[in-house]
Peer 1: 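Before I ask anything, let me first share the structure, which is written out below as structure tokens.
Just so you know, residue 1 is the first one in the sequence shown, and it goes up from there. The basis for the numbers below is simple: all heavy atoms, side chains too, and nothing from hydrogens, waters or symmetry mates.
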Amino acid sequence: MRALDPRLVQRARAVRALLVVDAVLAVVVALLVLAQAVLLAGVAARSFGGASLGEVAPSLVLLAIVVVVRAAAAWGFEVAGRTAAAAVVSRLRLDLVDARLRRTPAALDGTQTAEVTTAAVTGVDALEATFARYLPQLVLAVVVPLAVLAIVLSIDPVAAGVMLLTLPLVPVFMWLVGRHTERRARERWQALALLSNHFLDVVRGLPTLRAFNRGGVQAGRIAEVSDEYRRTTMGTLRLAFLSGAILELAATLGIALVAVVVGVRLAEGGIGFEAALTVLVLTPELYLPLRNLAAQWHASADGAAVAERMLDLADVPFAAPGSRPARLAPIAFEQVSFRYRARPVDVLQGVDLVVEPGETVALVGPSGAGKSTLLSLLMLFSEPTSGRILVGDDDLADVDPRAWRRLTAYVPQRPTLFRGTVADNIRLGVPDAGEGEVRLAAALAGVDDVLDALPHGYRTVLGEGGRTVSTGERRRIALARAFLRDAPLVLLDEPTADLDPESAAAVAAAVETLREGRTVLLVAHRPELAERADRIVRIDRGRAVEEAVA
């Protein structure tokens with residue numbers, strides 16, 4: 001049973017001060033708990049001895065002060081722990097975004113979107129319990145038993161010896177149970193990831209499922225996956241309840257043994273009443289932090305399983321990005337090959353291609369030939385398996401990727417419209433663009449009339465939960481982004497695919513306007529779009545096998 005992943009400890013360095021404050025407050029709370037127990041035992045013993053209220057009043061006032069200070073320290077203890085947890089969780093989310101979007105934006109490692117989403121959103125809620133509750137309780141579990149043993153040793157060494165013999169039972173049971181809890185928590189997380197991935201696939205494919213009358217089959221499959229998640233969750237909860245009962249039994253036996261020993265010694269006159277009462281009041285405090293630690297361990301086990309997967313995703317090794325300044329120059333692919341992990345052969349095989357500044361080159365060929373992969377390599381979404389891409393005399397791998405992307409406008413085959421207004425979606429690459437610039441870009445893309453006709457014009461909300469637009473409108477909005485970007489290099493991936501003739505003609509006209517004064521690399525299936533290019537390069541079976549002048 002490992003307390004914390006070392007990679008998570010490394011990310012917690014930024015909140016080391018908060019964790020130190022949390023630990024100090026934990027010690028303060030522990031000392032105040034002991035002080036409260038000692039004062040309470042003293043007041044009770046003196047009251048049984050016949051002391052008046054006035055005689056015990058100072059002790060009662062001090063006890064009230066200790067209770068109030070303890071409550072304040074416990075509040076600060078909780079706040080510091082949760083603040084540190086929020087900071088670590090935020091750092092982990094940012095690292096995950098950096099790894100998935102900046103290092104591997106094309107998700108070439110096969111990681112599924114739903115798993116990443118579940119880990120970064122739902123999973124970190126469980127991880128918060130590790131920092132907000134488990135780690136602070138770990139400090140209490142170390143400090144409080146040592147302090148109790150020290151006090152009891154000064155009062156009654158025999159009772160302290162019994163405590164020392166029974167105390168190890170709780171951590172031993174915790175270790176035994178913890179080994180199974182880790183495995184069960186990992187199984188539960190894997191079941192949740194499978195459920196998330198399958199459910200997302202079903203939601204995305206609802207129209208197709210309805211068209212083929214396969215909704216009922218998928219509903220049954222979701223029920224099966226959900227039932228598997230239910231079984232793993234119930235198994236984890238069952239283990240938690242059983243382990244809780246075992247730990248409660250061990251703690252109860254320990255308290256009972258101490259009580260018997262103290263009672264016998266009190267009856268024989270070997271210990272005074274106040275000392276015996278103090279020992280009995282302190283005994284439950286000896287086991288309570290360990291019992292609470294066991295409960296928090298179960299709460300944090302899910303977080304540990306999620307953290308392990310998130311750290312695996314966030315710590316993907318990658319080559320250091322280039323730092324050379326970016327400039328537009330002739331682009332040359334030299335013997336470029338590329339292979340996806342899931343495919344046994346290279347998608348691109350020794351491609352040689354030169355694109356001159358100001359030239360429009362159309363890439364044509366069958367689906368799967370590697371045309372989109374060439375654009376992906378040029379956008380630095382992935383790296384060639386072999387060969388290199390030169391921009392002038394510079395290897396593209398040595399160029400600063402952010403600076404290079406500022407010189408490019410990219411329109412993917414399936415443009416994404418994020419939740420936000422139409423204007424916000426158009427100004428995605430130029431966030432500070434004014435309304436006039438946005439409208440001009442939309443006009444150049446031939447979509448201004450459509451946008452003006454929307455219920456709220458450019459303020460209409462698109463994306464998840466917003467208004468839907470047609471495929472052609474989506475493509476022209478993406479082209480408007482490219483116009484607004486006003487970059488010297490434009491990459492277009494099948495901008496007229498799956499469009500009706502009227503929409504395709506509108507997009508083709510927008511492309512014709514966009515290519516003026518720019519270098520354009522265009523993936524095209526429609527002959528009428530490819531014929532607008534200066535050159536046509538055919539990609540077939542991963543090779544540039546033919547060039548023709550349009």
Peer 1: Is it true that Arg427 and Asp424 make a salt bridge, defined as a side-chain N closer than 4.0 Å to a carboxylate O?
Peer 2: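 Salt bridge: yes.
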Peer 1: Can a donor-acceptor pair be found, under 3.5 Å and without considering hydrogens, that links the side chain of Arg475 to the backbone of Gln413?
Peer 2: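 Present.
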Peer 1: Do the side chains of Thr408 and Met379 get nearer than 4.5 Å, heavy atoms only?
Peer 2: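 With C-beta onward as the side chain, the pair touches.
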Peer 1: If you look at every heavy atom in Leu25 and Gly76, which pair is closest and at what distance?
Peer 2: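 Nearest pair, atom of Leu25 first, then Gly76: CD1-C, 3.3 Å.
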Peer 1: Distance from Leu428 atom CG to Phe418 atom CZ, nearest 0.5 Å?
Peer 2: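 Separation between the atoms: 6.0 Å.
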Peer 1: Tell me whether Arg543 contacts the main-chain N or O of Val351 through its side chain, where contact means a donor paired with an acceptor under 3.5 Å.
Peer 2: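 Here the side-chain-to-backbone pair does not exist.
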Peer 1: So Pro330 and Val391, do their side chains get closer than 4.5 Å, heavy atoms only?
Peer 2: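 They are not in contact (no side-chain heavy atoms under 4.5 Å apart), so the answer is no.
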Peer 1: Say you draw a straight line from CG of Leu489 to CG of Leu521; how long is it, rounded to the nearest 0.5 Å?
Peer 2: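 Result: 7.5 Å between the selected atoms.
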Peer 1: Whether the side chain of Asp534 engages the backbone of Val361 through a donor-acceptor N/O pair (distance < 3.5 Å, no angle test) should be reported.
Peer 2: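 No.
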Peer 1: Under the criterion side-chain contact (heavy atoms from CB on, under 4.5 Å), I'd like the reasoning laid out for Arg419 against Leu462: C-alpha separation, chi angles, the key distance, then a yes or no.
Peer 2: CA-CA 5 Å; Arg419 179 168 177 80; Leu462 305 177; over 6 Å; no
Peer 1: Any chance you could measure Arg535, atom CZ, to Glu359, atom CD, to the nearest 0.5 Å?
Peer 2: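 Going from CZ on Arg535 over to CD on Glu359, the span is 4.0 Å.
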Peer 1: Any chance you could lay out the side-chain contact (heavy atoms from CB on, under 4.5 Å) test for Leu375 and Phe381, step after step, and finish with the verdict?
Peer 2: CA-CA 9 Å; Leu375 300 191; Phe381 291 162; over 6 Å; no
Peer 1: Under the 3.5 angstrom rule, does the side chain of Ser337 hit a backbone N or O of Ser386 as a donor-acceptor pair?
Peer 2: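 Side chain of Ser337 to backbone of Ser386: no pair is present.
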Peer 1: Just jot down the side chain to side chain contact (heavy atoms under 4.5 Å, CB included) partners of Ser470, sequence neighbours excluded, or say none.
Peer 2: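 Ser470 satisfies side chain to side chain contact (heavy atoms under 4.5 Å, CB included) with Glu473 once adjacent residues are dropped.
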Peer 1: Which residues pass the side chain to side chain contact (heavy atoms under 4.5 Å, CB included) test with Arg406, sequence neighbours left out?
Peer 2: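 Partners of Arg406 by the side chain to side chain contact (heavy atoms under 4.5 Å, CB included) criterion, ordered by chain and then number, come out as Arg402, Ala403, Arg485.
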Peer 1: Give a yes or no on whether the backbone of Leu378 and the side-chain of Trp404 come within a donor-acceptor separation of less than 3.5 Å.
Peer 2: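 Indeed, once roles are kept as given, a pair shorter than 3.5 Å links the two residues.
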Peer 1: On a heavy-atom basis, which atom in Thr416 and which in Asn425 lie closest, and how many Å separate them?
Peer 2: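 So the two residues come closest at O-OD1, 4.4 Å.
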Peer 1: Determine whether Leu363 and Leu522 satisfy the following criterion, side-chain contact (heavy atoms from CB on, under 4.5 Å), listing intermediate values before the conclusion.
Peer 2: CA-CA 6 Å; Leu363 302 178; Leu522 168 68; over 6 Å; no
Peer 1: Would you compute the distance between atom CG of Leu396 and atom CD1 of Ile389 and round it to the nearest 0.5 angstrom?
Peer 2: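 Here the rounded value is 5.5 Å.
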Peer 1: Which distance, rounded to the nearest 0.5 Å, do you find between the CG of Leu451 and the NE2 of His456?
Peer 2: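 If we round to the nearest 0.5 Å, Leu451:CG and His456:NE2 are 14.0 Å apart.
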Peer 1: Just so I know, are the side chains of Leu374 and Leu348 near enough to count as touching, which here means a heavy-atom distance under 4.5 Å?
Peer 2: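 In short, these two side chains touch, coming nearer than 4.5 Å.
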Peer 1: What are the two closest non-hydrogen atoms of Ala409 and Ala487, and how far apart are they?
Peer 2: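 It is N-CB, 3.7 Å.
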Peer 1: How many angstroms lie between OG1 in Thr421 and OH in Tyr458, if you round to the nearest 0.5 Å?
Peer 2: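 Thr421 OG1 to Tyr458 OH: 11.5 Å, rounded to 0.5 Å.
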Peer 1: If I compare all heavy atoms of Asp22 with all of Phe77, which pair ends up nearest, and what's the gap?
Peer 2: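 Looking at all heavy atoms of both residues, the closest pair is OD1-O, 2.6 Å.
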Peer 1: Only one of Val520, Val411, Leu444, Leu479 clears side chain to side chain contact (heavy atoms under 4.5 Å, CB included) with Leu514; which?
Peer 2: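 Result: among Val520, Val411, Leu444, Leu479, Leu479 is the only option passing the side chain to side chain contact (heavy atoms under 4.5 Å, CB included) with Leu514.
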Peer 1: What closest approach, in Å, do Pro488 and Leu407 show between heavy atoms, and which atom pair accounts for it?
Peer 2: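 Result for this residue pair: CD-O, 3.2 Å.
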Peer 1: Hey, is the main chain of Ser372 close enough, under 3.5 Å, to the side chain of Ser376 for a donor-acceptor pair?
Peer 2: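 Looks like no, no N/O pair under 3.5 Å.
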Peer 1: Are more than 12 heavy atoms, taken from residues, nucleotides or ligands other than Arg231, located less than 6.0 Å from that residue's CZ atom?
Peer 2: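 More than 12 within 6.0 Å, yes.
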Peer 1: So, for Ala480 and Ala445, which heavy atoms are closest and what is the spacing to 0.1 Å?
Peer 2: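 Scanning both residues completely, I find the closest heavy atoms to be N-CB, 3.6 Å.
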Peer 1: For residues 486-497, pull every pair meeting salt bridge (Lys or Arg N to Asp or Glu O under 4.0 Å), keeping only residues two or more places apart or in separate chains.
Peer 2: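 Qualifying pairs: Asp486-Arg518.
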Peer 1: Would you confirm whether Asp394, through its side chain, and Leu390, through its main-chain N or O, come within 3.5 Å as a donor-acceptor pair?
Peer 2: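 Between the backbone of Leu390 and the side chain of Asp394 there is no qualifying donor-acceptor contact (under 3.5 Å).
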Peer 1: Passes side-chain contact (heavy atoms from CB on, under 4.5 Å), Val422 versus Val469? Steps please.
Peer 2: CA-CA 11 Å; Val422 173; Val469 294; over 6 Å; no
Peer 1: Can you spot which of Asp452, Asp449, Asp448 makes a salt bridge (Lys or Arg N to Asp or Glu O under 4.0 Å) with Arg439?
Peer 2: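 Single pass found, and it is Asp452.
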Peer 1: Is the shortest heavy-atom distance from the side chain of Pro415 to the side chain of Ile477 under 4.5 Å?
Peer 2: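 A side-chain contact under 4.5 Å is absent here.
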Peer 1: Does Thr360 form a side chain to side chain donor-acceptor pair (under 3.5 Å) with Arg515? I'd like the steps, not just the answer.
Peer 2: CA-CA 7 Å; Thr360 298; Arg515 59 176 286 203; 3.3 Å; yes
Peer 1: Can any side-chain N or O of Lys371 pair as donor or acceptor with the backbone N or O of Val364 at less than 3.5 Å?
Peer 2: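 Flag not set: sc Lys371 to bb Val364 has no pair under 3.5 Å.
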Peer 1: Is it true that a side-chain atom of Arg532 and a backbone atom of Glu512 form a donor plus acceptor pair closer than 3.5 Å?
Peer 2: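 The answer is no, because no donor-acceptor pair under 3.5 Å joins these two groups.
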Peer 1: Counting only N and O atoms by type, is there a donor-acceptor contact under 3.5 Å from the side chain of Arg474 to the main-chain atoms of Thr468?
Peer 2: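 Looks like no, no N/O pair under 3.5 Å.
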